[in-house]
2 protein chains.
Amino acid sequence: MRNTLADVVSAALRVLDENGLEGCSMRRVAAELDVQPSALYHHVPNKQSLLALMADVIVDGVGERDAGVPGENGGGHSGMALARNACLAMRSAMLAVRDGADVVATAAAFRLGASAVEQRLAEWVGADGARTLLFYTFGQAQSTQTHRHAASLGALIGPESGRAGQRSGTNGAPSDPVLELDASFERGLDIILTGLESEHRATGAPTNGILH
Amino acid sequence: MRNTLADVVSAALRVLDENGLEGCSMRRVAAELDVQPSALYHHVPNKQSLLALMADVIVDGVGERDAGVPGENGGGHSGMALARNACLAMRSAMLAVRDGADVVATAAAFRLGASAVEQRLAEWVGADGARTLLFYTFGQAQSTQTHRHAASLGALIGPESGRAGQRSGTNGAPSDPVLELDASFERGLDIILTGLESEHRATGAPTNGILH
DNA sequence: ACCTGAACACCGTTCAAGT
DNA sequence: ACCTGAACACCGTTCAAGT
């Protein structure tokens, strides 16, 4: 045999990372493998399936244990803290590959409720909480990635301020909009977690939650 | 003159609603206007700009006053209630046209902080609250639309249960997954609004909020 | 100002045929 | 099982030229 499905998926991820989602064509993936475009259809029924497999690899491992985010480890985590870490890990994983958030968000919309991360989150914060956290995380990551891309294009035209190691504004907030989006993510996450905590106190358990 | 920019945008919205986002090509929009594809480039620099204009029309009017959602009217709305209504109206507007959520979400990512709806929301619940609500609303609407589409395809293959007017499950929750998504939206919205309320009580004002 | 006609450099997918 | 070669029915965008 010459190429396996795993070869095709990882070649596709390489093409994605170098050319972005709109540059990630079946023909380019085939070229990356030195193969005719039609050969891909031996491994995958269509492009959409390939994108779903790519999404799985991108988020692989997120949501298992406290994976991805270090910090106050040592057991005794509350569900809220676990959920928080999972969302942070999820965002990092998506941001690690070009247009990763788009790929993952689109694939996730198809099998809502069926993904491994969503099910783990649901154990901690309930089904509604899990969905709310995921929608927010996807949207915020997509937005971050869009602005990073715009910034990387804008940098070639209008550097705006000379130095690379840019200072914070006088209010202590980062003036770089992409750093601002990183900080903003955690604040939005905390808003949702606070809401879930109130709900938890009021009802004694998260809606549809399994933990008690 | 033969066609105006508004003609192009509304023709594009018609094509979108009938063929979906992936069937909404420049060539089809041109055909809808009985014009050569190249003629469109007199009105619009590229497809992306056209999609942005379409997004503006789709959400046009949302976020003004209590528009879109009736109910306990008569003044005296809190910022939370106003924000809630705006999100409901936003979702309805996006769901009203095929793939509307995708079109609006993509366009919104480009000008984060600049949209009219986001600015109104920010007055009521602060900048972080506005972003959190919008990301959630976009993601939830995209998911709803994906499942509606899947359901409309699945209905042709496996009706699953015979009757059209399907009953609710024994737990009182709708068994139809797309009705479930409608109900789930409000629950997630309330989680976020509860979080914003706690924050408001703790700090005396929403983060970056203008109202006090 | 608004449009045509023709072209360029691409797409995803199918299918018979090879090894 | 895995791939080639050729084809089909499309894309977005550019550009000279018409009225």
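A, B, ... follow the sequence lines: proteins, then strands. Residue 1 opens every chain. In this text the structure is predicted, and so the values were computed from the model without any measurement.
With salt bridges taken as basic N to acidic carboxylate O contacts below 4.0 Å, none links Glu186(A) and Arg91(A). Ion pairing of Glu22(A) with Arg28(A) is absent here, as no side-chain N (NZ or NE/NH1/NH2) approaches a carboxylate O to less than 4.0 Å. Ion pairing between Asp190(B) and Arg84(B) holds under the 4.0 Å rule for side-chain N and carboxylate O. Ionic pairing of Arg98(A) and Glu18(A) is not present here: no N-O contact between side-chain nitrogen and carboxylate oxygen is shorter than 4.0 angstrom.
Atom pair Asn46(B):CG and dT14(D):C1' shows a separation of 13 Å (rounding to whole Å applied). Counting to the nearest Å, the P atom of dT14(C) and the NE2 atom of His42(A) are 15 Å from each other. For the pair Arg27(A) CZ and dA9(D) C1', the computed distance is 12 Å after rounding to whole Å. Atom-to-atom, CE of Met26(A) to P of dC8(D) comes out at 21 Å; the value is rounded to the nearest Å. The separation between Arg28(B) atom CZ and dC11(D) atom C1' is 11 Å, rounded to whole Å. Atom C1' of nucleotide dA1(C) and atom CG of Leu40(B) are separated by 15 Å, given to the nearest angstrom. Between Leu21(A) atom CG and dG12(C) atom P there is a gap of 11 Å when expressed in whole angstrom units. Regarding Glu22(A), its CD atom lies at a distance of 12 Å from the C1' atom of dC11(D), rounded to whole Å.
For the pair His43(A) and dA1(D), the criterion of a side-chain N or O lying under 4.0 Å from OP1 or OP2 is not met. Between Gln36(B) and dC3(C) there is no side-chain polar atom (N or O) within less than 4.0 angstrom of OP1 or OP2.
Using the Watson-Crick or G-U wobble rule with both distances under 3.5 Å, dC3(D) pairs with nothing in any strand shown. The partner of dA17(D) is absent, by the rule that a Watson-Crick or G-U pair needs both atom distances under 3.5 Å. In this structure, dA9(C) forms no base pair with any nucleotide, since neither Watson-Crick nor G-U wobble geometry is met with both distances under 3.5 Å.
To the nearest whole angstrom, the two P atoms, one in dA9(C) and one in dC10(D), are 22 Å apart. Remark: the separation of the C1' atoms in dC11(C) and dC8(D) is 12 Å, to the nearest Å.
Checked by atom type, the side-chain pair Thr4(A)/Asp7(A) shows no donor-acceptor distance below 3.5 Å.
Taking 3.5 Å as the limit, the base of dG5(D) and the side chain of Ser38(A) contain a donor-acceptor pair of atoms between them.
Residue-to-nucleotide proximity on DNA chain D shows that, of Arg2(B) and Tyr41(B), the 5′-proximal contact is made by Tyr41(B).
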